[in-house]
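Taking it in order: structure first as structure tokens, then the write-up.
Reminder, nothing fancy here: chain letters follow the sequence lines and each chain counts from 1.
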There are 2 protein chains.
Amino acid sequence: MEGRIDRIKKQLHSASYKLTPQREATVRVLLEHEEDHLSAEDVYLLVKDKSPEIGLATVYRTLELLTELKVVDKINFGDGVSRYDLRQEGAAHFHHHLVCIECGAVDEIQDDLLGDVEKVVEKDWNFKIKDHRLTFHGICWRCQEKDSDESSE
Amino acid sequence: MEGRIDRIKKQLHSASYKLTPQREATVRVLLEHEEDHLSAEDVYLLVKDKSPEIGLATVYRTLELLTELKVVDKINFGDGVSRYDLRQEGAAHFHHHLVCIECGAVDEIQDDLLGDVEKVVEKDWNFKIKDHRLTFHGICWRCQEKDSDESSE
DNA sequence: GTGGCTGCAAATGATTTGCAGCTCT
DNA sequence: AGAGCTGCAAATCATTTGCAGCCAC
């Protein structure tokens, strides 16, 4: 984890930004909650536990900065808030999401499933792809089990 | 177009809603701008041309209603606003989008490119897919031409 | 001592809501 | 007269911005 912070620090420096204590605290929260899909408010509350003086605006500014540097991706699942998701280090493309319409859980798919699809799009639509967003909405495995338990009771 | 309005009217009725003049005006605007990706404000301004008494809140309420009935899909391209996109009649799945990061244009792909990918997700992640969102970000064909023109000048 | 960075409070902008009035039956 | 629907204005919520102070080099 320290190594990862160091690398993010270098990324900041090479874009002439500093890793201030507030920024570091924010990054640490993101690293500690890599599996989650935190909103700015969520991040703010978590950072506040460790660094109570931090302001919400600073968190927003830091998240914006990290988005710009492609350390995180800003995503939107259709509720009113933006969520921030750490990129896998070195990942060429953004991972995909499975959003459960019953329980709201969000799972990640790290595999790149779109290789073939992207070739088709680049060729047939003459579109030079830089990034993508793919989200499936449906029923997660947990809810499928839960549902079949209930119906058999 | 009249047929389509009739069918939407039936959909509303079967969910015990009425096709009021304001709702009809809103639906007509959506049909006339099927290619576009209008925000609520955009729709409001266009409806206002024909029916100046309409209120913005009514447009929001109508768009919400149409989303619930799956007549339109609410989408979000990462700018702060929701956009509303008519579903193709009878389409099992939502179409895909190509967002140009240079000019902002949004093109649609109606083909279902995800058939194989969905099979993999359903099987390997045990996820029952109900819908999806796929958006590519990159350079559209128009900007690619424009860019190469400029560099050869 | 200057520029980057911060916290706070105020501003903004999209969307939602409360409510009184209207419409159609 | 009742239910559904509307327009308006006010409220709400996420996010952004202005600004004075602070900190590190």
Side-chain angles (χ1 to χ4, degrees), chain A residues 8-29 37-69 71-85, chain B residues 8-29 37-69 71-85:
Chain A
I8 292 171
K9 185 173 183 175
K10 289 206 185 79
Q11 269 187 276
L12 283 164
H13 286 166
S14 61
S16 336
Y17 295 113
K18 299 174 197 165
L19 184 63
T20 63
Q22 290 91 336
R23 287 177 185 168
E24 180 170 341
T26 304
V27 170
R28 280 183 189 280
V29 163
H37 299 82
L38 304 174
S39 66
E41 185 84 30
D42 294 337
V43 174
Y44 171 62
L45 293 173
L46 289 164
V47 176
K48 227 170 179 322
D49 285 345
K50 304 284 182 63
S51 317
E53 1 57 53
I54 203 171
L56 177 56
T58 301
V59 172
Y60 270 103
R61 283 186 280 233
T62 301
L63 291 170
E64 191 194 353
L65 185 56
L66 294 173
T67 305
E68 188 188 308
L69 295 177
V71 172
V72 301
D73 275 296
K74 190 175 180 178
I75 47 176
N76 200 298
F77 293 128
D79 52 347
V81 293
S82 294
R83 297 173 182 282
Y84 297 85
D85 209 352
Chain B
I8 292 171
K9 184 173 182 174
K10 289 204 183 79
Q11 268 186 278
L12 283 164
H13 286 167
S14 60
S16 334
Y17 296 114
K18 299 175 195 162
L19 183 63
T20 63
Q22 290 90 335
R23 288 177 183 168
E24 180 170 341
T26 304
V27 169
R28 281 183 188 279
V29 162
H37 299 83
L38 303 174
S39 67
E41 185 84 32
D42 293 338
V43 175
Y44 171 61
L45 292 174
L46 288 165
V47 176
K48 228 170 181 317
D49 283 346
K50 303 284 183 62
S51 316
E53 1 58 53
I54 203 171
L56 177 56
T58 301
V59 172
Y60 270 104
R61 284 186 280 234
T62 301
L63 291 171
E64 191 194 353
L65 184 56
L66 295 174
T67 304
E68 187 188 309
L69 295 178
V71 171
V72 300
D73 276 296
K74 190 175 178 176
I75 48 176
N76 200 299
F77 293 127
D79 52 346
V81 293
S82 293
R83 296 174 181 282
Y84 297 86
D85 208 353

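Listed pair B:R61 / D:dG7 fails the phosphate criterion, with no side-chain N or O lying under 4.0 Å from OP1 or OP2. Close to D:dG4, at under 4.0 Å from its OP1 or OP2, lies no side-chain N or O of B:S16.
Here the side chains of B:L38 and B:V29 are in contact, with some heavy-atom distance below 4.5 Å. With a 4.5 Å cut-off on side-chain heavy atoms, A:Y17 and A:L65 count as touching.
Atom CD in A:E64 sits roughly 15 Å away from atom C1' in C:dT6 (whole-Å rounding). Residue B:L65 contributes atom CG, which lies 13 Å from atom P of D:dG4 at whole-angstrom precision. Atom-to-atom, CD of A:Q22 to C1' of D:dC23 comes out at 10 Å; the value is rounded to the nearest Å. The distance from atom OH of A:Y60 to atom P of C:dC5 is 20 Å, rounded to the nearest whole Å. Between the CG atom of A:L56 and the C1' atom of C:dT6 there is a distance of 13 Å, rounded to whole Å. Atom CZ in B:R23 sits roughly 19 Å away from atom P in C:dC22 (whole-Å rounding). Rounding to whole angstrom units, OH of residue B:Y44 and C1' of C:dT16 are separated by 15 Å. For the pair B:I75 CD1 and C:dA14 P, the computed distance is 17 Å after rounding to whole Å.
Screening A:T62, A:V59, A:I54 for a side chain to side chain contact (heavy atoms under 4.5 Å, CB included) with A:Q22, the sole residue that qualifies is A:I54.
With B:S51 contributing its side chain and B:K48 its backbone, the two residues share no donor-acceptor pair below 3.5 Å. With A:R23 contributing its side chain and A:K18 its backbone, the two residues share a donor-acceptor pair below 3.5 Å.
Of the two residues near DNA chain C, B:G80 and B:K18, the one whose nearest nucleotide lies more 5' is B:G80. Between B:A57 and B:Y17, the residue anchored nearer the 5' end of DNA chain D, judged by the nucleotide with its closest heavy atom, is B:Y17.
Residue contacts for A:E41: at a heavy-atom cut-off of 4.0 Å it reaches no nucleic acid atom on any strand shown. Among the heavy atoms of the strands lying under 4.0 Å from B:S82 are primed sugar atoms or P, OP1, OP2 only; no base atom is included.
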